[in-house]
Amino acid sequence: MSGRIGKEWPLTMEIVEGDPIQVEGRELTPSVRVTSWVRRRASVGEGIVGRGWGVVHMRPLAVLDRSDDGQAPLLIHDRTARSIRRLFFVALVVPCVAAVLICLARRVTRRKPVGLTTV
């Protein structure tokens, strides 16, 4: 069940199933989404030169539970990653909102009241 997207592109995504584990007459098979970004270059001329780099991200998707009754996927919800994404969003939004409020507060304090004169 490995579906690869973009074999010729630097970004590839595929779903990989792990080795099945036998537990009390049931077979448990983990599945993971693997996203990789790879760049590579090479030139052959006066000397052989090559370089490259890559990043791989693996995200657990589910555990397939196969038994005599049938097959049922047990989905994996990554609550930690969801919480970290929310914290990252808050960390981006709060400074922007604070900067807008500070600018508004400075504008309000710079204005002199209309109709009042100081002696």
* Asked: Do Leu64 and Pro73 have side chains that get closer than 4.5 Å, going by heavy atoms?
  -> yes
* **Nearest-0.5 Å distance that lies between atom CZ in Arg33 and atom CG in Leu61** => 5.0 Å
* According to a 4.5 Å side-chain heavy-atom criterion applied to Ile, Leu, Val, Met, Phe, Trp and Tyr, with indirect links allowed, do Leu28 and Ile76 form part of one hydrophobic cluster? -> yes
* Asked: Under the 4.5 Å side-chain heavy-atom rule for ILVMFWY, direct or indirect, which residues accompany Val100?
  -> Leu104
Run the side-chain donor-acceptor check on residues 80-94: report pairs under 3.5 Å with partners two or more places apart or on a different chain.
| unit_1 | atom_1 | unit_2 | atom_2 | d |
| --- | --- | --- | --- | --- |
| Ser83 | OG | Arg79 | O | 3.0 |

Identify all side-chain donor-acceptor contacts of residues 18-27 below 3.5 Å with residues at least two apart in sequence or on another chain.
| unit_1 | atom_1 | unit_2 | atom_2 | d |
| --- | --- | --- | --- | --- |
| Gln22 | NE2 | Glu27 | OE1 | 3.1 |
| Arg26 | NE | Asp65 | OD1 | 3.3 |
| Arg26 | NH2 | Asp65 | OD2 | 3.4 |
| Glu27 | OE2 | Arg66 | NH1 | 3.3 |

